[in-house]
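Residues take their numbers from the sequence shown, with the count starting at 1.
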Amino acid sequence: MIKLTSADDKSVDASAVIALLGILKASGDVLVEVEKFFAKNNLSQSRYIALSVLISRPDGLFPYELADHMGISRATVSSVIKGLESSGYIITVKSGDDKRMKKITTTPEGKKVHESLLNDYYAILTELFGVHDKKDIKTVNAVMKGISEQVLNFKNKGQI
């Protein structure tokens, strides 16, 4: 059980702490299974998401733009790019304006592998979510949206 730091501490809601810890645990469990799926296909979830973002941007993106879209650091996106490039799923092309900058685009093979995994990926996510009625799903979506907004507020306040 959650032990409050003091009996007078009104800033801690034990039920909220327990709920969010449960969400974190469930998210971690889902991520492990999703990563197993992608590993069988010589990918990772990060690389798959990068392909998804790049496919939606046929003119390509600069690495920093891809990092921003994915919500990851530029160092992490560099690793993702190297992996996708070595697999032949993306190419980098020097920018016309600034030859030091390179835009990233998907290759036909990258699009093909993305498309070939999409239905199975969604089927796994559906199975992992479990059977719930539409009202429950709507509630979960609303709660998760609220958490995301709180995280953004927390981040913007620079609390950490």
Side-chain angles (χ1 to χ4, degrees), residues 17 19-132 136-160:
V17 171
L20 194 51
L21 288 174
I23 289 169
L24 291 172
K25 169 72 169 95
S27 296
D29 293 345
V30 168
L31 188 57
V32 166
E33 297 308 312
V34 167
E35 287 296 349
K36 285 179 190 176
F37 165 74
F38 284 119
K40 287 180 186 176
N41 293 283
N42 298 314
L43 276 172
S44 67
Q45 185 176 26
S46 297
R47 290 178 184 174
Y48 191 79
I49 291 170
L51 282 175
S52 297
V53 171
L54 290 167
I55 287 169
S56 73
R57 299 298 186 103
D59 292 336
L61 291 172
F62 293 111
Y64 73 90
E65 292 173 319
L66 180 59
D68 290 347
H69 280 285
M70 293 178 64
I72 61 177
S73 71
R74 291 179 185 190
T76 300
V77 87
S78 291
S79 173
V80 169
I81 290 167
K82 285 178 187 171
L84 289 171
E85 197 168 27
S86 70
S87 297
Y89 298 153
I90 62 168
I91 57 171
T92 56
V93 180
K94 290 184 181 181
S95 171
D97 300 336
D98 183 347
K99 298 295 183 202
R100 295 172 296 166
M101 296 292 290
K102 294 181 179 180
K103 272 202 165 179
I104 310 156
T105 59
T106 53
T107 63
E109 182 64 22
K111 290 175 186 173
K112 181 179 169 187
V113 75
H114 180 273
E115 184 64 30
S116 73
L117 297 175
L118 187 63
N119 286 339
D120 289 341
Y121 176 45
Y122 286 172
I124 287 169
L125 293 179
T126 299
E127 185 174 343
L128 290 172
F129 191 80
V131 178
H132 300 281
D136 288 345
I137 293 171
K138 193 173 183 177
T139 300
V140 169
N141 285 334
V143 169
M144 298 309 290
K145 181 180 178 191
I147 291 170
S148 291
E149 289 169 357
Q150 285 301 110
V151 169
L152 185 59
N153 291 338
F154 187 84
K155 184 178 171 181
N156 288 339
K157 288 180 188 175
Q159 289 182 282
I160 293 184

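The minimum heavy-atom distance linking S86 with G83 is given by the pair OG-O, 3.0 Å. Of all non-hydrogen atoms in P58 and T105, the two that sit nearest each other are O-CG2, 4.1 Å. Summarising the geometry of H114 relative to Y48, their closest heavy-atom pair is O-OH, 2.9 Å, with the distance given to 0.1 Å. Nearest approach of I90 to E85, heavy atoms of both residues: CG1-N, 3.5 Å. Heavy atoms only, all atoms of each residue included: L31 and Q45 are closest at CD1-OE1, 2.8 Å. Summarising the geometry of V53 relative to H69, their closest heavy-atom pair is CG1-CB, 3.8 Å, with the distance given to 0.1 Å.
The distance from atom CD1 of I91 to atom CD of E109, rounded to the nearest 0.5 Å, is 13.0 Å. Taking CD of E65 as the start and CZ of R74 as the end, the distance is 9.5 Å to the nearest 0.5 Å. Note that the OG atom of S52 and the CE atom of M70 stand 9.0 Å from one another [nearest 0.5 Å]. Put simply, OG1 on T106 and NZ on K112 are 14.0 Å apart, with the number rounded to the nearest 0.5 Å. Expressed to the nearest 0.5 Å, how far CZ of R47 lies from CG of L51 amounts to 10.0 Å. With rounding to the nearest 0.5 Å, the separation of CG in D136 from NZ in K138 is 12.5 Å.
Between P63 and I81, the closest side-chain pair of non-hydrogen atoms falls below 4.5 Å. Using a 4.5 Å heavy-atom threshold, the side chains of L61 and I104 count as separate. The shortest distance between side-chain heavy atoms of E33 and L128 falls below 4.5 Å. Considering only heavy atoms from C-beta on, N41 comes within 4.5 Å of F37 through its side chain. No side-chain heavy atom of F62 sits under 4.5 Å from any side-chain heavy atom of D68. Looking at heavy atoms from C-beta onward, I23 lies in side-chain contact with M144 at the 4.5 angstrom threshold. Counting heavy atoms from C-beta outward, V34 and Y121 have side chains that approach closer than 4.5 Å. Proximity of L84 to L43: side-chain heavy atoms (C-beta onward) are separated by under 4.5 Å at one or more points.
For E35, the side chain to side chain donor-acceptor pair (under 3.5 Å) criterion is met by no residue, not counting sequence neighbours.
With hydrogens and angles ignored, the 3.5 Å screen pairs a side-chain donor or acceptor of T107 with a backbone N or O of Y89.
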